[in-house]
Amino acid sequence: MNSDLIQRLLASPVSFLADSGPDEDIAISSRIRLARNVRDLPFPCAAGPQEMEQVCQLVRAAARSSGTLGCPDCLEFRIGELSATDREILLERRLASRELIGNLAGGCLLVKGDGSCSVMVNEEDQLRIQVLAPGFQLEKVWNKINALDNELGKELAYAFDEQLGYLTCCPTNVGTGMRASVMLHLPGLVMTGKINATIHGINKLNLAVRGIFGEGSENQGNLFQVSNQITLGDNEEHIIEELSKVIRQLINHEKAARIHLMEHDQASLLDHVGRSYGILRHSYKLSAKEALNCLSGLRTGVDLGLFNNVDIHRVNQMFLTIHPAHLQKSAGRNLSAAERDVFRASYCRQLLAKGS
Amino acid sequence: MLCDKCKKNEATIHVKKVSGSKIESLHLCAACAKENEEQGALGAFGFNLAEVLFNIGEINKQESSAEKAASENSGSSGEEGPCCPVCGWNMDNLRKFNGRVGCASCYETFSEIIADALTRIQRGKVHLGKRPGASDPLANTAALQIEIERNKKELAGFILREEYEKAAVCRDKIADLNACLALLKGTDDEQ
Ligand SMILES: [Zn+2]
Ligand SMILES: [Zn+2]
């Protein structure tokens with residue numbers, strides 16, 4: 001049952017990567033998450049299996065009777081019933097967090113058919129409502145998630161305090177419970193050595209920046225996520241407006257850095273792009289780390305108009321599909337780390353041989 | 001390992017920052033971390049603030065309980081401090097779960113320590129966003145008034161310390177909040 005749903009998910013394109021969005025040359029996707037809890041039931045960290053099951057039932061009922069998420073045609077996953085690979089699929093698709101897939105006793109996930117909206121149940125908070133969209137469009141994402149939250153809120157009695165707002169498991173989210181973020185591809189700022197100063201400047205504005213890949217060690221693929229930190233003392237629209245202003249500046253900085261490279265160090269830029277394409281197109285063993293860095297180079301080349309036979313949305317999706325769980329799904333079997341590198345190389349060769 | 005800053009005390013707080021392709025580590029003693037945090041330097045470092053806030057609390061507590069233990073030999077730890085009557089969460093849980101609480105009632109139980117953490121990490125003390133029931137996001141005039149008063153006090157402080165840039169930002173904020181309030185009262189009058 002659950003693995004059929006995973007197949008359904010795999011068969012549909014990842015809309016936030018496959019569709020066009022505003023400023024998509026630099027902004028890959030926009031996401032907002034809302035943390036919500038139901039009154040009178042303990043937060044997941046203090047809850048037993050029965051209490052978590054109760055929350056799960058409440059949220060499913062709310063999703064069904066409100067018709068949001070396209071239920072009853074939405075996808076419902078029970079984390080504990082999924083294989084390890086299937087759990088990783090949800091993680092790689094950014095539908096579930098590491099924390100959620102670690103909750104085998106009570107974790108649950110509801111996903112709208114196209115993957116654009118979802119609710120994680122029994123993550124850090126009882127509900128983590130999520131909306132994802134391609135490109136840079138936080139306002140639209142906010143309108144969408146606000147409506148979704150209103151619908152669910154009609155059915156669920158949220159834990160809310162007059163002074164502190166929505167009560168969340170971690171006090172760092174209390175108030176709006178909102179985290180808005182944009183995923184950005186910033187190869188120009190990395191290559192010109194300006195990324196550290198930029199991140200430092202953004203941190204001072206009460207915003208967080210982190211690399212998407214690289215497990216807290218070194219950045220891979222030049223993908224960064226910028227998000228708000230403040231959740232109390234300001235309203236959602238204003239927080240989003242402030243964040244959007246900074247993202248807009250960051251996009252302009254990145255554009256300027258690319259122009260600077262084209263004007264002053266064109267050979268290095270083109271060499272990086274060309275080598276990246278060459279490796280993806282012709283290698284027979286490819287680690288995830290090397291693939292991510294080469295995909296970044298390829299994407300830069302596509303943005304610069306150097307490849308007219310490669311579609312940017314295909315490159316976007318490859319950032320996701322070269323990860324272990326997705327590779328194993330397309331191979332149809334479990335692969336050792338060494339086998340994965342061989343399969344990953346052949347997967348990239350084939351995709352790039354096809355053209356658009 | 002010695003503290004990066006004073007090079008005297010043992011470093012007990014370890015912070016990692018990932019920036020671009022580099023990792024920077026900072027190792028501080030409790031005293032220097034607290035000082036840094038007060039100057040906003042740790043906040044700019046970009047990591048889970050809740051963890052560090054409560055981490056500092058823990059170290060202060062260890063120090064004070066070590067002093068206590070020297071004078072009188074008290075026994076087990078974790079029994080002191082508040083405990084939530086609804087879910088049973090105590091200070092040990094709070095530390096072990098990086099500042100997470102167990103239920104909505106914990107916000108009352110730990111109101112002091114949470115209020116302290118919130119002033120360090122948040123912009124204000126009052127929720128100004130949307131409310132359940134999809135009503136007007138700023139329907140609570142009382143909350144707004146509290147927020148305005150708080151900002152006025154802050155403004156007075158900035159002026160006293162001649163921090164004029166901060167004062168200007170604060171003054172704008174007060175003007176914004178007053179405009180919100182006027183808007184709400186205006187709609188109230190019409191009804
Ligand atoms: Zn020190
Ligand atoms: Zn509690």
Lys/Arg-Asp/Glu bridge criterion (N-O < 4.0 Å) met for A/E236, B/K130: no
Around B/E108, counting heavy atoms of other residues, nucleotides and ligands shown, do more than 12 lie under 6.0 Å from its CD? no
Under 6.0 Å from the CG atom of B/D172, do we count more than 12 heavy atoms belonging to anything else shown? yes
With the threshold set at 4.0 Å, does a side-chain nitrogen-carboxylate oxygen contact exist between B/R100 and A/E99? yes
Is B/K153 salt-bridged to B/E149, cutoff N-O under 4.0 Å? no
Any ring-ring contact (aromatic ring centres under 6.0 Å, His included) involving residues 89-109 of chain B? Give me the pairs, sequence neighbours left out, ordered by first then second residue. B/W89-B/F97
Counting heavy-atom pairs closer than 4.5 Å to chain B, which one of A/R36, A/H238, A/M178, A/E242 comes out on top? A/E242
Which portion of A/T168 sits near chain B, non-hydrogen atoms under 4.5 angstrom: both
Pair count under 4.5 Å, heavy atoms only, with chain B: among A/T198, A/L41, A/D149, A/I239, highest is A/D149
Look at B/C84, B/G88, B/C103 and state which one has the largest set of heavy-atom pairs under 4.5 Å with chain A. B/C103
Most heavy-atom pairs under 4.5 Å with chain B, out of A/T176, A/D234, A/L205, belong to A/D234
Under a 3.5 Å cutoff, is there a donor and acceptor pairing between the side chains of A/R179 and A/N228? no
Will you find, in the side chains of A/S244 and A/E139, an N or O donor that is under 3.5 Å from an N or O acceptor? no
So for A/N37, is it side chain, backbone, both, or neither that comes closer than 4.5 Å to the heavy atoms of chain B? neither
CG (A/L223) and CD1 (A/I212) are apart, to the nearest 0.5 Å, by 6.0 Å
Within residues 153-161 of chain A, residues adjacent to chain B where the heavy-atom gap is under 4.5 Å: A/A159, A/F160
Side chain, backbone, both or neither: which part of A/R39 has a heavy atom under 4.5 Å from chain B? neither
Could you tell me whether a side-chain N or O of A/S296 sits under 3.5 Å from a main-chain N or O of A/L292, the two making a donor and an acceptor? no
Report which part of A/N146 has an atom under 4.5 Å of a heavy atom belonging to chain B: side chain, backbone, both, or neither. both
